[in-house]
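Just so we're on the same page: letters track the sequence lines, and every chain starts at 1.
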There are 2 protein chains.
Amino acid sequence: MNPVHVQQIECLLTLADELHFGRTAERLGCSQSRVSQLVAALERRMGVRLVDRTSRRVALTRFGGQFVDEVRPAYETLTSVIAGAHERARRGALRRLRVGFHGSVYEEVTEAFRRLRAEHGVGIALSEIPLGSPFSAVLAGELDAAMVELPASEPELTVGFRFPPQDRLLAVASWHPLARAEAVHVEALAGLDVLHPRGDAPDYWRAARVPRTTPAGAPIRSTMGISTVQEGLALVAAGEHVQLVCRPLADRAARGDVRCLPVEGWGEGHSSQLGLVWRADRAVPALRALAALLDEEFAGAPRSPAPPGVPAAPRASG
Amino acid sequence: MNPVHVQQIECLLTLADELHFGRTAERLGCSQSRVSQLVAALERRMGVRLVDRTSRRVALTRFGGQFVDEVRPAYETLTSVIAGAHERARRGALRRLRVGFHGSVYEEVTEAFRRLRAEHGVGIALSEIPLGSPFSAVLAGELDAAMVELPASEPELTVGFRFPPQDRLLAVASWHPLARAEAVHVEALAGLDVLHPRGDAPDYWRAARVPRTTPAGAPIRSTMGISTVQEGLALVAAGEHVQLVCRPLADRAARGDVRCLPVEGWGEGHSSQLGLVWRADRAVPALRALAALLDEEFAGAPRSPAPPGVPAAPRASG
DNA sequence: ACTGATCGATGAGCTAGGCTGATCGATGAT
DNA sequence: ATCATCGATCAGCCTAGCTCATCGATCAGT
């Protein structure tokens with residue numbers, strides 16, 4: 001059976017609007033006879049008369065009207081999908097950016113996602129990244145970008161945006177002696193067993209997560225690795241371990257058997273900072289657009305002064 | 001800009017399945033070189049590489065994969081719409097049957113509608129018909145069929161199916177003296193003012209709805225016409241009028257200020273019966289299918305023995 | 001490393017069919 | 001009765017859809 005040509009559909013839909021072969025031909029940029037032929041071909045193909053036409057009057061048949069009602073949305077969906085893809089191709093953009101995240105997704109970020117979709121036609125496929133493997137998915141090309149804790153000094157990676165630094169808190173079990181205090185001093189970490197992320201993260205990154213020593217030089221124990229935040233909190237609640245978390249995470253993952261305390265006495269700069277990271281060799285325009293949007297959304301908020309787009313300097317690691 | 005051809009889309013989708021130009025060509029019934037050309041043309045049209053291909057490996061590009069993901073459902077929608085319409089055209093059926101109804105729609109009827117859609121691919125556009133104009137919408141061609149009260153002895157109309165006869169009840173205001181009784185005798189109608197449907201129904205039909213006289217010959221008053229059931233019930237509740245209704249309607253439209261009583265003493269055959277009515281000159285197969293389905297759904301229920309498909313004999317009218 | 005097999009790209013060449021312009025016949029207005 | 005409008009149809013041109021044959025690249029096996 002002859003395939004139905006898009007042209008025939010387009011012609012029928014236009015004719016349904018105009019109810020006039022001449023004007024239809026004009027709108028379609030072809031001759032009137034072509035319109036006649038296209039409609040006739042479609043009718044032959046469908047085996048029904050779709051348009052009742054005399055030299056004085058053009059009207060859809062009952063069947064033709066229902067056919068138009070059905071086909072028009074389907075046809076428009078198809079053409080708009082193609083047009084959208086074409087537009088994206090023209091801009092070198094992608095349908096969906098695959099973005100991974102650590103911890104929590106700030107509201108400013110979801111807003112940036114919304115605007116990215118609205119203003120650039122690029123959607124987001126969001127996925128959580130295992131705690132201890134911040135870079136591997138991006139490096140492997142499975143993700144286009146990741147919002148992960150800095151530092152990120154991999155040579156292949158670019159830090160496109162730096163989120164405002166956040167205080168780091170210490171999560172301890174509610175019944176733990178430390179939990180009674182308002183805050184805890186860094187040096188107290190020396191006596192504790194701090195949880196560290198388990199994964200294939202580089203060494204300098206692990207060290208920045210859980211310092212090897214306190215500022216005074218006392219070694220910090222870390223005998224247990226975790227893969228997810230929930231895992232960590234459960235272990236903290238059990239009481240044998242403590243965990244360093246950033247403030248948004250502490251707010252979100254609140255549970256009764258865990259308390260989060262400010263940590264005093266870090267040297268300066270010992271805050272937790274997330275960054276939007278991507279592979280330098282795969283920087284698509286949409287990524288830069290996302291970084292720009294994040295920049296706008298976080299404007300005014302306290303934020304690292306490092307300009308976006310340059311590789312991050314490795315954080316001092318102990 | 002060149003239009004995108006369905007063929008190109010179809011080719012890409014097939015290629016996305018097969019990941020092999022030769023097999024794709026085979027499935028499409030064309031040469032391998034054609035597949036190569038079609039894909040190349042689509043890529044030229046879209047301005048992006050959609051398929052990564054060496055002589056040993058065929059894979060969709062990132063963009064190509066997303067494009068396929070988007071286009072495939074849109075394309076399949078369009079083709080299935082066309083195929084469905086074609087199938088319907090082949091059977092001479094229509095997308096939706098426009099059916100009107102009076103009173104209420106029995107569950108068996110909705111079941112028949114469901115099956116009509118499932119088994120014959122024909123949907124239903126349902127609309128309520130003004131109480132007193134059972135035939136005009138069908139006669140005017142605005143509806144394909146109507147489920148209305150019989151008799152229907154218009155020469156242009158066919159009664160395709162007769163619903164089981166239903167008792168007729170008398171609706172009276174709850175505080176009306178008659179409401180205290182368990183039932184009311186026909187002859188009592190002589191003293192009441194019975195509501196009649198207002199519309200362009202033929203005379204024999206109006207007479208069948210509200211008899212002019214009781215069996216004994218006493219004239220029945222009917223000074224007020226109504227257009228909808230709600231209108232009628234409101235007037236009944238007000239107390240000046242009473243209304244004859246069929247049982248399903250009485251059950252459904254129950255309200256506290258109206259009571260429905262059985263009426264005793266009709267001659268036989270004085271029940272209310274609905275019929276599926278259509279214009280004899282516009283009997284489409286789907287209508288006969290619907291009648292057959294109704295026949296099945298009501299099988300076993302008490303029902304008029306008149307075979308479907310023959311014009312209804314006019315009911316004796318007083 | 002050589003050989004052969006497999007696979008996609010490319011170019012030449014054929015022709016179906018997409019498209020136009022001219023014309024005809026039907027219809028309705030004046 | 002005349003004229004204007006409109007859709008169908010036909011003849012004919014030429015684009016572009018399609019195939020066949022061939023080439024170059026890649027990989028397995030020896």
Side-chain angles (χ1 to χ4, degrees), chain A residues 1-65 67-68 75 79 82, chain B residues 1-65 67-68 75 79 82:
Chain A
M1 177 65 66
N2 278 348
V4 171
H5 287 280
V6 252
Q7 241 189 138
Q8 298 169 349
I9 302 290
E10 200 177 355
C11 182
L12 178 70
L13 295 182
T14 311
L15 185 60
D17 278 351
E18 295 287 352
L19 295 178
H20 188 287
F21 279 61
R23 280 195 298 276
T24 301
E26 204 173 344
R27 264 179 59 177
L28 260 45
C30 68
S31 65
Q32 172 262 315
S33 60
R34 186 70 193 132
V35 173
S36 185
Q37 289 166 3
L38 284 171
V39 172
L42 185 57
E43 285 176 330
R44 211 174 322 118
R45 162 64 220 266
M46 299 295 296
V48 221
R49 198 152 189 78
L50 298 170
V51 181
D52 263 335
R53 44 203 190 276
T54 69
S55 65
R56 308 308 291 178
R57 227 178 61 87
V58 177
L60 293 175
T61 62
R62 174 94 186 281
F63 189 95
F67 184 63
V68 165
Y75 170 79
T79 51
I82 291 176
Chain B
M1 177 67 65
N2 277 348
V4 170
H5 288 279
V6 253
Q7 243 188 139
Q8 296 169 350
I9 303 289
E10 201 177 354
C11 183
L12 178 69
L13 295 182
T14 311
L15 184 60
D17 277 352
E18 295 287 352
L19 294 179
H20 188 286
F21 280 62
R23 282 195 298 277
T24 301
E26 204 175 342
R27 263 179 60 179
L28 259 45
C30 69
S31 65
Q32 172 261 316
S33 60
R34 187 69 192 132
V35 173
S36 184
Q37 289 166 1
L38 284 172
V39 172
L42 185 57
E43 286 177 331
R44 212 175 320 120
R45 163 62 220 267
M46 300 295 296
V48 220
R49 198 152 189 80
L50 299 170
V51 182
D52 261 335
R53 42 203 191 274
T54 70
S55 66
R56 308 308 293 176
R57 228 178 60 89
V58 176
L60 293 175
T61 63
R62 174 93 187 280
F63 190 97
F67 184 63
V68 165
Y75 171 78
T79 51
I82 291 176

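Between Leu38(B) and Leu12(B), every side-chain heavy-atom pair lies at or beyond the 4.5 Å cut-off.
When every heavy atom of Leu19(A) is checked against every heavy atom of Leu60(A), the shortest pair comes out as CD2-N, 4.4 Å. Between Met46(B) and Ile82(A), the shortest heavy-atom distance links the atoms CE-O, 3.8 Å. Counting all heavy atoms, side chain and backbone alike, Thr24(A) lies closest to Cys11(A) at CG2-O, 4.0 Å. The shortest heavy-atom contact between Gln8(A) and Leu42(A) is OE1-CD1, 3.7 Å. Looking at every heavy atom in both residues, Val51(A) comes nearest to Glu43(A) through N-OE2, 3.0 Å.
The salt bridge (Lys or Arg N to Asp or Glu O under 4.0 Å) contacts involving residues 13-32 of chain A comprise Asp17(A)-Arg27(A), Asp17(A)-Arg72(A), Glu18(A)-Arg23(A), Glu18(A)-Arg27(A), where partners must be two or more places apart or lie in separate chains.
Looking at residues 30-37 of chain A, you'll see Cys30(A), Ser31(A), Ser33(A), Arg34(A), Gln37(A) sit with a heavy atom under 4.0 Å from some atom of DNA chain C. Residues from residues 12-29 of chain A with heavy atoms under 4.0 angstrom of DNA chain D, sorted by number: His20(A), Phe21(A), Gly22(A).
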Please assess Val6(B) against Tyr75(B) for the test side chain to side chain contact (heavy atoms under 4.5 Å, CB included), listing each intermediate value before the final yes or no. CA-CA 8 Å; Val6(B) 253; Tyr75(B) 171 78; 4.1 Å; yes

As a quick check of understanding, evaluate side chain to side chain contact (heavy atoms under 4.5 Å, CB included) for Val39(B) and Arg53(B), giving each step before the final call. CA-CA 11 Å; Val39(B) 172; Arg53(B) 42 203 191 274; 4.2 Å; yes

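One finds the CZ atom of Phe21(A) at 5.0 Å from the CG atom of Leu15(A) (value rounded to the nearest 0.5 Å). In this structure, CZ in Phe67(A) is found 8.5 Å from CG in Leu13(A), a value given to the nearest 0.5 Å. Once rounded to the nearest 0.5 Å, the distance linking CD of Gln32(A) with CD of Gln37(A) reads 9.0 Å.
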Detail all sub-3.5 Å separations between protein N/O atoms and N/O atoms belonging to nucleotides 24-26 of chain C.
{"unit_1": "dA26(C)", "atom_1": "N3", "unit_2": "Ser55(A)", "atom_2": "OG", "d": "3.0"}

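The footprint of chain B on DNA chain D, defined by a heavy-atom cutoff below 4.0 Å, extends from dG17(D) to dC27(D).
End-to-end axis angle for the helix from dA1(C)-dT30(D) to dT30(C)-dA1(D), using five pairs per end and rounding to 10°, comes out at 30°.
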